[in-house]
Enquirer: 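Sharing a structure, written as structure tokens. Questions coming.
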2 protein chains.
Amino acid sequence: MPDRKAELKVIDGGSAADNASANKDSSGPESMTSQAYTRLREDIISGILRPGQKLKIEELRLQYDVGTSPIREALSLLTSDHFVERLDQRGFKVSNVSEEEFGELLKTRCWLEEKALRESILHGDSSWEEQVVLAAYRLSRVPRYENENDFVANPEWEQRHKHFHMTLISACGSALLLKFCDQLYDQNVRYRQLSGKKAYPTRDITAEHGALCDAALARDAELASRLLVEHYDRTGNFLKNQIGK
Amino acid sequence: MPDRKAELKVIDGGSAADNASANKDSSGPESMTSQAYTRLREDIISGILRPGQKLKIEELRLQYDVGTSPIREALSLLTSDHFVERLDQRGFKVSNVSEEEFGELLKTRCWLEEKALRESILHGDSSWEEQVVLAAYRLSRVPRYENENDFVANPEWEQRHKHFHMTLISACGSALLLKFCDQLYDQNVRYRQLSGKKAYPTRDITAEHGALCDAALARDAELASRLLVEHYDRTGNFLKNQIGK
DNA sequence: TCGTACAAAAATATCGATTTTTTTATGGAC
DNA sequence: GTCCATAAAAAAATCGATATTTTTGTACGA
């Protein structure tokens with residue numbers, strides 16, 4: 001075992017993998033487990049690791065160049081995100097997807113986010129308002145796609161999009177609910193990636209976000225909720241046909 | 001802290017840990033990881049492992065008599081239930097509790113379960129109705145406490161109580177939402193255990209369950225929701241004073 | 001042809017030792 | 001006394017080897 005270490009120590013340029021972390025702490029060197037967790041997570045969301053695929057420890061161990069323990073631990077952690085399934089004595093596998101499950105996901109997201117949004121609108125203070133404005137602005141400043149021609153997703157947009165939606169509901173008063181919404185959001189991203197669909201039907205998503213932002217700031221819970229659900233439903237219905245196998 | 005060990009080894013009379021399992025599969029021999037998972041979970045819920053307590057691998061390894069890998073894996077799995085926290089490079093610890101967090105938990109439970117109950121009432125078929133009736137009946141057939149004098153909780157009642165509440169919302173149409181409710185329920189059990197309070201104020205919990213059951217079967221979503229939230233709020237407010245540290 | 005039993009192979013699960021990192025303890029310097 | 005550096009101890013993380021279990025493949029008999 002020569003010097004894999006030196007190489008690994010350098011990782012993590014600080015771009016920060018959103019909230020997708022295996023632990024709470026952030027400072028100090030990153031453990032092999034955390035690294036494996038992040039990479040596995042990315043590979044599952046991006047679809048490199050296919051739904052239903054068996055996750056053989058030995059294979060991953062070689063591929064990611066770590067021991068069995070970190071791999072197994074990372075997979076165990078991924079279990080909570082519903083990205084990985086664990087079967088006693090028969091290892092791990094990537095969670096399956098289906099049109100039915102996607103429908104459920106969409107429905108559940110709408111339920112939870114609507115509730116969170118209403119509470120947020122009810123209780124959000126001026127700091128929340130400012131954060132919403134800022135998040136909306138930041139989202140509007142980056143293009144949806146890296147290249148308008150080939151419709152390759154812009155990671156910066158993805159990140160800001162999530163941040164905008166999470167900020168909207170951040171004042172709901174329940175960290176638990178926020179966590180659930182966060183999970184569902186990431187699940188949804190996975191479905192979006194898997195659909196393989198790059199371009200969306202011509203609709204002005206930016207305008208939708210703007211309207212949503214305005215309604216929230218105007219404390220119009222009814223309107224905001226309606227816009228949010230419509231926002232999700234529209235994307236959802238579009239994706240639905242793409243799934244299945 | 002001398003020999004808590006002997007005590008620990010005896011736990012788990014085989015009464016089956018509800019749905020608290022580390023994996024999906026059920027047949028075949030149970031892995032060390034699953035065993036450790038179950039025991040750790042029980043010990044945390046029951047309060048043997050105190051909130052905030054550091055979970056030293058070596059200690060647990062000796063106490064539970066398994067290697068480091070199963071312990072670490074089990075702890076990683078417990079992370080998803082919010083029973084254990086993981087800190088990169090500094091191990092695991094039992095999740096903390098606080099009155100504030102309990103309030104949040106209670107609130108979130110009400111939000112989610114109310115939604116689930118309404119959906120369940122809206123979509124539940126005759127099979128659901130029958131299951132509800134059955135669950136309510138079974139719950140009514142066992143005493144709340146093992147001994148009416150010392151108010152020691154009756155595990156059978158605990159299990160049936162959970163089953164009743166989960167059955168009520170089982171027709172909500174979202175496995176995801178059910179999972180969340182399940183998690184929150186178990187969190188709540190932990191708080192109940194930690195409060196150390198055995199006896200509840202004189203109120204007819206059985207009657208409350210009966211009324212809730214009736215309202216659900218009568219498809220009276222408004223009434224059922226109100227009863228459910230009241231049911232939780234009452235217990236919650238009672239427990240609140242007991243917590244803190 | 002099908003089902004079964006058994007052996008070989010593959011993969012999982014587990015262990016115990018080793019390496020790394022964090023925590024604790026100690027000893028000045030200011 | 002407080003701050004910092006450093007050494008020692010403790011704990012976490014990781015590895016690689018071994019033990020178990022599941023899966024696969026094959027021959028046999030109904």
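In the text below, chain A, chain B and the rest are named by the order of the sequence lines, each starting its count at 1.
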Enquirer: Think A:Thr33 has a side-chain N or O under 4.0 angstrom from the OP1 or OP2 of D:dT14?
Expert: yes
Enquirer: Pick out the pairs of N or O atoms, protein on one side and nucleotides 7-9 of chain D on the other, that lie under 3.5 Å.
Expert:
none

Enquirer: Across the strands shown, which category fits B:Leu55 at heavy-atom distances under 4.0 angstrom: base, sugar-phosphate, nothing?
Expert: sugar-phosphate
Enquirer: Could you give the CZ-to-P distance, from B:Arg61 to C:dC15, as a whole number of Å?
Expert: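 Rounding to the nearest Å, CZ of B:Arg61 and P of C:dC15 are 9 Å apart.
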Enquirer: With each end axis built from five pairs of C1' atoms, what bend angle do you get for the helix from C:dT1-D:dA30 to C:dC30-D:dG1? Round to 10°.
Expert: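 One end's axis against the other's: 30°.
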Enquirer: Would you say C:dT23 has OP1 or OP2 under 4.0 Å from some side-chain N or O of B:Lys54?
Expert: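 No, outside the criterion.
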Enquirer: Given atom CD1 of B:Ile71 and atom P of D:dA12, what is their separation to the nearest angstrom?
Expert: 12 Å
Enquirer: Rounding to a whole Å, what distance do you find between B:Met32:CE and D:dA19:C1'?
Expert: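 For the pair B:Met32 CE and D:dA19 C1', the rounded distance is 12 Å.
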Enquirer: Specify the separation, in whole Å, of atom CZ of B:Phe92 and atom P of C:dT21.
Expert: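 Checked: the CZ to P distance equals 17 Å.
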Enquirer: Output all residues satisfying side chain to side chain contact (heavy atoms under 4.5 Å, CB included) with B:Leu178, sequence neighbours left out; order by chain, then residue number.
Expert: B:Met166, B:Ile169, B:Cys172
Enquirer: From the set C:dT14, C:dA17, C:dT12, return the single nucleotide nearest to any side-chain atom of B:Thr68.
Expert: C:dA17
Enquirer: Nearest-Å distance, CG (A:Leu62) to C1' (C:dA11)?
Expert: 13 Å
Enquirer: List in chain and number order the residues that pass salt bridge (Lys or Arg N to Asp or Glu O under 4.0 Å) with B:Arg190, two or more places apart in sequence or in another chain; answer none if no residue qualifies.
Expert: none
Enquirer: Any donor-acceptor pair under 3.5 Å linking the side-chain atoms of A:Tyr232 with those of A:Arg109?
Expert: yes
Enquirer: If the plane angle is over 60° it's perpendicular, under 30° parallel, otherwise tilted; pick one for B:His165 and B:His161.
Expert: perpendicular
Enquirer: Holding to side-chain hydrogen bond (donor to acceptor under 3.5 Å, both in side chains), I want the full list of residues that pass it with B:Glu130, two or more places apart in sequence or in another chain.
Expert: none
Enquirer: Going by the rule side chain to side chain contact (heavy atoms under 4.5 Å, CB included), which residues pair with B:Arg160 if we only count those two or more places apart in sequence or in a different chain?
Expert: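 With neighbours one apart ignored, the set is B:Arg138, B:Leu139, B:Arg141, B:Val142, B:Glu156.
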Enquirer: With a 3.5 Å distance limit and no angle check, can you tell me whether B:Ser170 reaches the backbone of B:Thr167 through a side-chain donor-acceptor pair?
Expert: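 Judged by distance alone, yes, a pair lies under 3.5 Å.
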Enquirer: List in chain and number order the residues that pass side-chain hydrogen bond (donor to acceptor under 3.5 Å, both in side chains) with A:Glu73, two or more places apart in sequence or in another chain; answer none if no residue qualifies.
Expert: B:Arg72
Enquirer: Can you tell me the distance, in whole Å, between the NZ atom of A:Lys56 and the P atom of D:dT22?
Expert: 17 Å
Enquirer: May I ask you to verify if any side-chain N or O of A:Arg72 is less than 4.0 angstrom from the OP1 or OP2 atom of C:dA13?
Expert: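 Yes, because at least one side-chain N or O of A:Arg72 sits under 4.0 Å from OP1 or OP2 of C:dA13.
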Enquirer: The side chain of B:Val66 is closest to which nucleotide in this list: C:dT21, D:dC15, C:dC15?
Expert: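 Minimum distance to the B:Val66 side chain belongs to C:dC15.
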Enquirer: Check whether any side-chain N or O of A:Arg90 sits under 4.0 Å from OP1 or OP2 of D:dT23, and answer yes or no.
Expert: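 Checking D:dT23 against A:Arg90, a side-chain N or O does come within under 4.0 Å of OP1 or OP2.
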Enquirer: Taking side-chain hydrogen bond (donor to acceptor under 3.5 Å, both in side chains) as the definition, give me every residue that meets it alongside B:Glu104, ordered by chain and number, with sequence neighbours left out.
Expert: none
Enquirer: Within this structure, what is the CD-to-P distance between B:Glu58 and C:dT21, rounded to whole angstrom?
Expert: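 Spelled out: CD on B:Glu58 to P on C:dT21 is 20 Å.
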Enquirer: Can you run down the ring-ring contact (aromatic ring centres under 6.0 Å, His included) pairs that involve residues 66-95 of chain A, sequence neighbours left out, and say none if there aren't any?
Expert: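 Counting only pairs at least two positions apart or across chains, no ring-ring contact (aromatic ring centres under 6.0 Å, His included) contact touches residues 66-95 of chain A.
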Enquirer: Taking atom P of D:dA11 as reference, at what distance in whole Å does atom CG of B:Leu75 sit?
Expert: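 Roughly 16 Å, once rounded to whole Å.
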